Structure formats: C-alpha cells, structure tokens
Colleague: 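Just passing along the structure, written as structure tokens.
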Amino acid sequence: MSVGLATNLGVAPVMQDAGASPLVVRGMTVSYGQKPVVFSVDMEIKNGSMTAIIGPNGAGKSTLLKAALGIVKPLAGDALVFGQPLRNQRSRIAYVPQRASVDWDFPTRVIDVVLMGLYRELGLLGRVRKGHIQKAMACLDRVGMTDFADRQIGQLSGGQQQRVFLSRALAQEAELYLLDEPFAGVDAATEKAIISVLKGLRDEGKTVVAVHHDLSTVGEYFDRVFLINTNKIAEGPVKETFTSENLDRTYGGRLATGQLDQLNLAAG
Amino acid sequence: MLLEALSLQMGYNATLVTIGACFLGVAAGVTGTFLYLRKRALVSDAISHATLPGVGAAFILMVMLGGDGRNLPVLLFGSAVSAGLGLLCVNWLTRQTRLAEDAAIGSVLSVFFGFGIVLLTIIQTMSAGRAAGLEGFLLGSTAGMLWNDAIVIVLSGAVTLALVLLLRRPMGLVAFDPEFAASSGVNIERVDLAIMGLVMAVTVVGLKIVGLILIVAMLIIPPVTARFWTDRTDRVALIAGFCGGAAAWIGAAISATAPALPTGPIIVLVSFAMFAVSMFLAPDRGVLAAFLRHQSFQKRVHLRQGLLALAQEQPIYETYTMRLLHRAGLALPDGVPTEAGKARAAKALRDEKRWQLVRADQSLESAAALYDGLREIETVLTTDQISEIDAQIGGPRGLSE
Amino acid sequence: MTGAEFVPLSLPPLLIGICAAVACALPGNFLLLRKQALIGDAISHVVLPGIVIAFLFTGSVSAWPMMVGAALASVFAVVLIEAVRRLGRIEPGAAMGLTFTTMFAGGVLLLEQSDTSTVHLDVEHALYGNLESLIWLDAVGWQSLADPAALATLPVELPRIALTLMAVIVFTWLFWRLLVLSTFDDSFALTLGLHTGWISLALVVVAAVAAVAAFDAVGSIIVIAMFICPPASARLMTNRLEVQIAWSVVFAVISAVLGYVLAGYGPLWLGSDNAVSAAGMIATVSGVILASTALFAPCRKRAGAPRH
C-alpha cells in the first residue's frame with residue numbers, strides 16, 4: 001500500500017489563476033514557544049466553494065485561520081487574498097471568530113453588534129442613519145433575530161449569539177467569509193438557520209471557509225474539505241478527499257470504525 | 001563603608017534595620033510565592049493600601065482612651081483588621097457582582113486608602129507632634145527604630161515563616177494545580193484564606209520598614225525572580241526567600257552608608273536588579289537563552305521547509321530560506337540544490353512520509369505525539385520499526401518523485 | 001454661605017475636583033471593560049517618577065513639563081510591563097506590580113536625592129494632593145466671574161484641568177467606535193484593519209494625561225479611585241455603554257462635590273474646626289457609591305447562564 005502524500009508539503013504550489021483564488025496560504029508555520037501548531041501548510045480555497053477545515057483538537061485549525069488573517073504572527077509563510085496581501089483586500093473578507101473569544105457581558109445590544117459590521121461604511125465618525133439601521137435589520141432578518149435587536153447580548157443563548165455574529169459578517173457584504181467553529185455549542189434550529197444562510201451565500205457566488213468540528217455533517221454542508229493535523233493532510237472536493245484513509249491520517253487512527261461507517265464516506 | 005554596613009558595623013540603628021529588613025525580605029519572598037503562583041499578585045496591593053485606615057483608627061482610639069498613639073503592636077493590629085476587611089470586600093465584590101477581580105482590587109485599594117488619608121488628616125489636627133510617625137507607614141521610616149520594634153518584626157517574620165513551613169504542602173498544591181488539589185480533598189477556599197492571611201501578616205509587619213507602597217514589591221519581585229531559576233514550587237519559595245532576604249540585607253546596608261538613601265526604595269531597586277539579571281541570564285527560562293533557542297528553532301524550521309520544497313521541486317519564495325540553504329551548502333544561490341542538498345532533501349521527504357504513516361497508526365500513538373515537524377524519526381523509533389514503515393512506503397527513492 | 005466666601009474659597013476647588021473626577025472616569029470606563037482597571041494603579045504610581053524626572057530636567061515645577069514627564073513615564077511603564085510580560089512570560093498582574101513599584105521606588109529615591117528644598121514637591125503631597133488650597137484669592141463674589149482682572153488670578157490648575165477634560169471628551173467622542181470595537185472583539189477589529197495595539201496605547205496615554213492633570217487636585221494614588229469607582233458603579237446600573245458612560249459622569253460629579261463638602265464642612269458640623277483631606281473624602285464617597293450600587297443596583301449581578 002503506498003501512502004498518498006499531500007502534494008503540497010513544501011512551499012509555493014503551482015497554481016492556475018493565482019489571482020482569482022479567494023485565499024491562498026503558502027508554507028505557513030505558526031508555533032507557540034517551541035511547539036509548532038501549524039507546520040508548513042499550503043492551502044488554496046477555490047472561488048465559490050464551501051470548504052470545511054477539519055482536524056482534531058489542537059490541530060491548528062483556528063490558528064491557521066488567524067495566521068492567514070494576520071491576527072497571529074507566523075514563524076514562516078504568508079497568505080494572499082484574491083491574489084494580493086491581506087491589507088489591500090480587507091473590504092472583501094468577513095471574519096466570524098469563535099464565540100468564546102468575546103466577553104458577552106459587554107454592555108451592547110444586538111443591533112449595535114451588527115452595526116459594527118458596517119464600520120467600513122460608517123468610518124470613525126459617521127452617524128448611524130436610518131439606512132444603516134435598515135441594512136442591519138435586514139441582516140438580522142436573514143438569521144431570524146429581528147425580534148432581538150434591542151436585547152443586551154449577555155441575555156442571549158449560545159445559538160442566538162452565534163447568529164448575531166453571523167449577522168455582523170453579513171453586514172460586511174464580503175466576498176470571502178471565514179468562520180471559526182460556527183456550529184459549536186448551538187441548538188439544532190440555529191444550526192439549520194446558519195447553514196441555510198451560508199448556502200445562500202454560496203449560491204450568490206461567495207466563498208465560505210469554516211473551521212468545523214462535526215464530522216457527521218461535512219458531506220451535507222460542504223463541498224470541499226481541508227484536513228489538517230499540524231500539517232496538511234489533504235485538500236479537495238468532499239467526494240474525493242473525505243475518505244476513511246485520510247481521516248485515519250488526520251485523527252491518528254483514533255476514530256473507531258463504527259464512527260467511520262456512520263460517516264457515509266466516499267469509497268477509497 | 002559598604003562592607004562595614006554589610007557586616008553590621010554601622011551602628012545600632014543600622015544593624016536593627018538590616019536584620020529586621022532581612023527577616024521581612026525572607027518572609028515576604030516566601031509568602032509572596034504562593035500569591036504569585038496563584039496568579040493573584042496584585043491582591044497584595046489592595047491588602048497593603050487597606051492597612052492605612054486601620055492604622056489611623058487604632059491611633060485615634062488609643063489617644064481617645066488616653067494612651068500614647070504610637071504603640072506599634074496595637075497599630076499593627078489595627079492595620080491587620082482593616083486589611084482583612086479590605087480582603088473581604090474584594091472577595092465579596094468579585095463574587096456578588098459582575099465586576100472582575102481587577103476592578104474589585106482597584107476600588108478597595110483606592111477607597112480604603114482614601115479613607116485612611118482622611119483619618120490621617122484628622123490625626124494631624126489632633127496632636128501634631130505625636131502623629132508625625134504615621135506618615136512613615138506610607139514609605140517606611142527606619143530612623144529611630146526601637147529595639148522593641150525590631151523584636152516585633154523579627155518575631156512576626158519568624159512566626160510567618162513557621163506557618164508557611166507548616167502549611168507548605170497544601171499551599172504548594174493549591175498554588176501549583178488547584179484542580180488536582182481539590183480532587184485530593186484539599187479545601188481550596190481555606191488554603192487561599194491562609195495564603196491571604198500570611199500575606200496580610202507580612203504586609204503588616206513590613207509597614208514600618210518599607211511602608212505600604214513598597215511592601216508589594218517585596219511580595220512580588222522575589223518570587224518572579226525565583227521563577228526563572230526553577231520549575232518546582234518548593235524551590236521557587238526557597239529561592240524567593242533567599243532573594244528577598246539578600247535584597248533586603250544589601251539594600252538596608254547601602255541605605256545606611258549615606259543620608260538621603262531611603263531604605264525601602266533601595267531594597268526594592270536591589271530586588272529589581274536581581275530580577276533583571278535573572279530574567280536575562282537565567283539558563284533555560286531566561287530571555288537570552290529563549291532568544292537563542294528561538295533563533296535556532298526558526299532556522300531549523302526554514303531549513304526543513306526549504307529541503308522539502310527542494311525534494312518536491314517546488315519554488316522557494318522566501319529569501320531567508322534560500323540564504324540558509326546556501327549557507328549550509330545545500331543549494332546554490334539561485335535555488336538549485338547541490339549534491340549534498342539533494343541527499344538531505346530526499347531524506348527529509350522520506351522522513352515526512354514515514355511520519356505520516358506513524359501518525360496514522362494507533363499503535364504508534366506515543367511516538368506520533370512527539371512529532372513536531374523537525375524531529376528526526378530515528379530518535380523516536382527503532383531501526384526495525386523504521387524498516388517496517390519503509391517497506392510500506394516502498395523504500396528510498398531518488399529526487400525525481 | 002455667601003458668594004463672597006463661596007466663590008474665592010470653594011468654587012475653584014469644587015470645579016477642579018469635578019473636572020478631575022470626570023476626566024478620569026471617562027477613560028476609566030474603557031479601562032474597566034478591558035479588564036485593565038489596574039493600569040490606573042500603575043499609572044498613578046509612575047506619575048511620581050515622571051514628574052520628578054521632568055523637574056530634574058527642567059528645573060521647574062510648571063505644568064507642561066510635568067505633564068509630558070508623566071505621560072512619558074506612563075508610556076514607558078506600559079512598554080516595560082509588556083516587555084516584562086512577554087520576555088519573561090510573567091502573568092500580567094505580577095508584571096504590573098513589579099514594574100510600577102520599582103518605578104515608584106526610583107521616583108522616591110530621586111526625590112530624596114535631588115535638591116527640592118526650594119521647591120514644593122514632597123511625597124505626601126504627591127500622594128494625596130491639596131485641593132483645599134487651590135483658592136482664588138482675588139475673587140470677591142459672583143461678580144468676579146465677569147471681571148477679567150480677577151479671572152487672571154484664577155488658580156492655574158482650573159483652566160488646566162478644564163482643558164484636559166475637554167481633550168478627554170474630544171478623544172472619547174472621536175475614537176468612540178475604535179474603542180468599542182477593539183474592546184469588544186479584538187480579532188474582529190484586527191481583520192477590519194484597525195490598529196488595536198495603538199488604540200490600547202492611546203487610551204493609556206489619555207488616562208495618564210488625565211491622571212497628571214488630576215494629580216494636583218487629588219494626588220496620584222486617589223486617582224485610581226476616580227478611574228475605577230464611578231465607572232464600576234455605573235457598570236452595575238445598566239447594560240448599555242452610552243448609559244454607563246453617563247452614569248459614570250454623574251457618580252464622578254457627586255463624589256467630587258459631596259467629597260469636598262463633607263471634607264470641608266463635615267468636621268465643622270461635628271464640632272471640630274479643622275477640615276480633613278478633600279481627596280480622601282472624594283475617594284471615600286466614591287467608595288460608598290460603589291458599595292450602594294453593589295448592594296442595590298439593577299444590573300449588578302452577572303448575566304447568568306443563557307436561556308435557550
């Protein structure tokens with residue numbers, strides 16, 4: 001049995017249409033202290049796709065996103081957004097951080113959080129006008145949270161908070177959406193709402209990348225998958241890449257065969 | 001003159017101050033260790049500032065009852081009472097309201113201190129002469145230190161140390177790993193209370209020599225210093241005690257050599273100097289050591305990534321990587337690999353493949369956990385194991401793969 | 001109390017106290033929300049060495065060198081704290097405590113060593129100010145407010161702190177959105193391209209400038225009370241940031257006014273003829289307000305576990 005190795009262990013992979021890819025990561029290595037969390041990772045997100053970033057805990061999924069977005073400083077490597085460095089393309093991306101990274105006791109209302117997504121329009125001193133409120137309410141409507149507009153965010157449930165976060169991202173009117181564990185700790189209704197919004201975005205031609213933790217929904221929600229465990233294991237369409245062999249390599253053979261069976265994997 | 005000071009030959013007052021300071025330094029260093037490890041270093045700031053109203057109130061009460069306000073033990077007792085109250089307020093605010101601990105500490109610190117200042121101004125108007133000593137509690141006042149004062153300080157310091165010795169196991173456990181301690185049946189709240197109580201005792205004792213503002217330094221700096229030299233809780237406490245005592249001894253000696261060299265600040269500055277030296281030069285945890293390690297780590301990462309790129313005939317775009325490869329004789333300046341480079345690159349690629357297999361195999365889980373992108377696989381598996389893996393991969397091949 | 005007594009003796013200290021309290025409370029709101037309340041503690045301790053060094057450099061105790069010295073000292077302290085924290089991998093509280101106590105010790109040493117016999121710069125004053133003595137000698141009553149000659153002898157601390165308050169208000173208004181965004185969700189703010197590190201620094205510098213200006217009124221250590229207590233009390237009163245800011249201003253003003261009045265007149269009412277420290281009383285009143293809100297305010301409890 002030959003071990004299929006991911007073709008991109010090294011540095012810059014050969015790309016077609018390099019200018020058009022929403023996100024290209026090259027040779028990214030991030031370490032905390034002496035321990036690399038992400039090692040020499042290349043990633044290419046295809047335009048208009050819904051990609052899931054999958055891997056065990058501590059595999060570097062969130063770190064990879066954060067390094068690509070310039071939130072943490074990598075040891076090596078870089079990222080290009082639509083073929084250019086991030087700083088020139090910020091208006092085309094929207095980032096939804098992990099829900100736990102924010103202090104939800106902060107004194108602000110749901111509508112205020114969504115309006116944060118309109119920062120680019122409002123600028124430093126711009127007044128919030130009716131048009132902005134309408135836009136924000138429309139975004140809340142897409143996630144089904146219009147009734148909560150005046151609510152203090154600390155009074156929301158986990159699922160509701162996640163929807164507010166997504167709503168803020170929608171307000172940014174980006175072309176590339178990056179979400180860190182959008183389905184973690186949310187109720188079933190919220191999960192349905194979120195995936196319907198994300199699919200709507202994909203249908204509009206936008207690109208969605210999400211760090212995802214639930215293997216059982218990968219096939220249903222995403223069309224491409226990126227498997228990582230400190231380094232890249234595999235990348236490609238779900239049908240070809242989300243295989244038991246790749247999952248074994250990602251999870252170190254720790255997935256029970258029963259779990260794998262349930263996952264309805266592609267053959268091979 | 002410094003040597004004389006260090007060997008306690010500068011006179012009665014200087015000797016008392018030095019010995020008292022030394023005991024204080026040791027007690028503060030040791031006690032502060034547990035506070036620091038519990039990540040509550042600044043609670044000591046709240047406790048120390050909260051002593052002021054107690055001192056003032058004790059003085060006023062004594063005078064109102066007809067006594068001499070300057071009775072040290074009574075003043076210290078008063079300071080302990082108000083410090084204890086302050087601590088209770090901090091805990092109450094943190095637990096019963098949405099305020100975080102830093103807000104609780106800051107508000108207790110400033111409000112109690114403010115009220116203490118009010119009392120001080122009352123005292124100033126009560127009996128101008130006798131009150132002058134109380135402001136000394138802010139920054140310490142070692143001039144005219146009495147034998148009795150020294151005895152109080154030494155005894156309290158010794159008692160504190162004895163208590164720490166007695167309670168070192170539970171305190172150490174809670175400071176090091178509170179969850180484990182809780183699961184082994186240790187009552188975390190009570191131990192925390194004990195730690196705070198000891199901190200309070202040290203603070204109160206230190207009021208006379210270094211004053212309430214600088215006692216915080218003696219509680220925090222020695223443990224931080226000690227932490228650079230060891231990872232074990234009991235050793236941190238020991239080294240902290242030593243550093244605290246040494247800084248106090250040296251500081252008191254220096255301050256005795258000339259006027260206008262106030263004891264408290266000099267002790268703190270000596271302590272800080274010891275910290276700075278430790279932070280930079282300590283082997284392993286020091287900044288210099290960490291920097292060198294990081295540089296070498298970064299080099300190895302870039303080299304490895306460069307080799308892997310060479311092995312897969314991919315372009316290298318980072319100039320730093322190219323430079324490293326060239327300097328190591330593994331590639332020419334334009335990125336073409338040398339013979340040595342080709343060999344190393346092939347080995348690197350093969351190692352990656354071997355590692356992939358190891359990490360997919362559950363029976364090799366403990367070996368897989370050691371993967372960090374740079375580790376040589378020979379250090380983790382036996383030659384037999386490696387041959388097995390090679391058989392699966394299909395043996396070493398040339399670069400053209 | 002007639003205008004003839006009030007205007008020269010009480011009006012300037014009251015106004016100075018109010019301006020100082022509000023100038024500290026405003027940035028204090030954000031420091032509180034960023035869990036950086038103790039930066040106020042650090043700033044108020046390092047103001048002393050900053051001022052001493054400025055005095056040694058310039059030989060004068062006039063305001064601007066002192067402000068610059070204190071602002072620089074605060075920046076230095078913040079940078080040093082960050083450096084110690086990162087290089088030494090020390091937890092933030094200990095890094096702060098270590099740095100500011102050492103800087104304070106340095107300041108005290110410098111003070112003792114330098115020749116301050118000709119200049120009024122003693123440590124106790126630095127610690128708790130002298131609000132009561134900031135009187136307006138040339139005023140004779142309310143009419144002096146319209147008299148340019150009298151106005152020229154207003155205690156210089158008043159226009160200074162008033163200007164500082166203006167600057168703080170302008171800063172807060174101008175950078176409101178940046179402050180809210182970077183405080184609430186730092187990584188999101190980074191992806192928008194905001195320089196959250198600079199915003200943090202700017203907030204600390206503004207706080208330091210307010211602290212220095214308030215220094216003359218209430219001394220350095222009680223400034224912490226002004227940074228923390230009114231905002232903390234306000235935090236317990238509401239769930240909306242704009243309302244919290246408003247409440248913090250109200251509480252700051254009450255603390256200043258009530259504190260000053262109680263300090264000046266309280267002892268008189270109790271039968272003694274000496275005033276007590278106004279600064280201390282202001283801090284005490286702000287503490288009483290905090291205690292009251294902690295016991296009774298509507299939003300004092302943590303938001304509990306979310307309902308589904």
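First the proteins, then the strands, lettered A, B, ... as listed; each starts at 1. All of these numbers come straight from a predicted model, not from anything done at the bench.
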Colleague: For chain A, which of C/D185, C/T238, C/L194 has the most heavy-atom pairs under 4.5 Å?
Modeller: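 That would be C/D185.
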
Colleague: Between C/L190, C/L33, C/L241, C/T191, which has the largest tally of heavy atom pairs under 4.5 Å with chain A?
Modeller: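 Between C/L190, C/L33, C/L241, C/T191, the count favours C/T191.
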
Colleague: Give, as side chain, backbone, both or neither, the part of A/V72 having an atom under 4.5 angstrom from any heavy atom of chain C.
Modeller: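 Neither; nothing under 4.5 Å.
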
Colleague: Could you check whether any side-chain N or O of C/H45 sits under 3.5 Å from a backbone N or O of C/A42, counting only pairs where one atom can act as donor and the other as acceptor?
Modeller: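 Not at all, since once roles are kept as given, no pair shorter than 3.5 Å links the two residues.
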
Colleague: Any chance the side chains of A/Q160 and A/S157 put a donor and an acceptor closer than 3.5 Å?
Modeller: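 Judged by distance alone, the side chains do pair up.
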
Colleague: Tell me, out of C/C299, C/A189, C/S187, who's got the most heavy-atom pairs with chain A below 4.5 Å.
Modeller: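 The residue among C/C299, C/A189, C/S187 with the greatest pair count is C/S187.
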
Colleague: May I ask you to name which of A/Q172, A/R120, A/R90 has the most heavy-atom pairs under 4.5 Å with chain C?
Modeller: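 So the answer, after comparing A/Q172, A/R120, A/R90, is A/R90.
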
Colleague: Side chain, backbone, both or neither: which part of C/R235 has a heavy atom under 4.5 Å from chain A?
Modeller: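 For C/R235, the contact with chain A is made by the side chain alone.
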
Colleague: Can you tell me which residue among A/T217, A/T51, A/D180 is in a side chain to side chain donor-acceptor pair (under 3.5 Å) with A/H212?
Modeller: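 Single side chain to side chain donor-acceptor pair (under 3.5 Å) partner of A/H212 among A/T217, A/T51, A/D180: A/T217.
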
Colleague: Return the option, out of A/S91, A/A94, A/P97, with the maximum number of heavy-atom pairs under 4.5 Å with chain C.
Modeller: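 Of the candidates given, the most pairs with chain C belong to A/P97.
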
Colleague: Given heavy-atom pairs under 4.5 angstrom as the criterion, report whether the side chain, backbone, both or neither of A/R87 touches chain C.
Modeller: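 Answer is neither: A/R87 stays 4.5 Å or more from chain C.
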
Colleague: Non-hydrogen atoms of chain C under 4.5 Å away: do they reach the side chain of A/L122, the backbone, both or neither?
Modeller: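 It is both, since atoms from each part get that close.
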
Colleague: Verify the distance criterion only: is there a donor paired with an acceptor across the side chains of A/S62 and A/Q98 at less than 3.5 Å?
Modeller: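 The criterion, which ignores hydrogens and geometry beyond distance, is satisfied for A/Q98 and A/S62.
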
Colleague: Is it true that A/R92 and A/E175 make a salt bridge, defined as a side-chain N closer than 4.0 Å to a carboxylate O?
Modeller: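 Answer for the salt bridge query: yes.
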
Colleague: Tell me if a side-chain donor or acceptor on A/Q162 pairs with a main-chain N or O of A/I194 at a distance below 3.5 Å.
Modeller: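 Not a single qualifying donor-acceptor pair exists.
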
Colleague: Do you know which of C/E242, C/K35, C/R177 has the most heavy-atom pairs with chain A at a distance under 4.5 angstrom?
Modeller: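 Maximum pair count with chain A is reached by C/R177.
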
Colleague: Return the option, out of C/V243, C/D186, C/T183, C/T196, with the maximum number of heavy-atom pairs under 4.5 Å with chain A.
Modeller: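 Highest number of pairs under 4.5 Å: C/T183.
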
Colleague: Work out which heavy atom in A/D42 is nearest to a heavy atom in A/F226; give both atom names and the distance.
Modeller: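 Residues A/D42 and A/F226, closest heavy atoms: O-CE1, 3.4 Å.
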
Colleague: Going by atom types alone, do A/R202 and A/T207 pair a side-chain donor with an acceptor below 3.5 Å?
Modeller: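 Per modelled atom types, A/R202 and A/T207 side chains form no pair under 3.5 Å.
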
Colleague: Between A/Y119 and chain C, which part of the residue has a heavy atom less than 4.5 Å away: side chain, backbone, both or neither?
Modeller: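 Interface part for A/Y119: side chain.
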
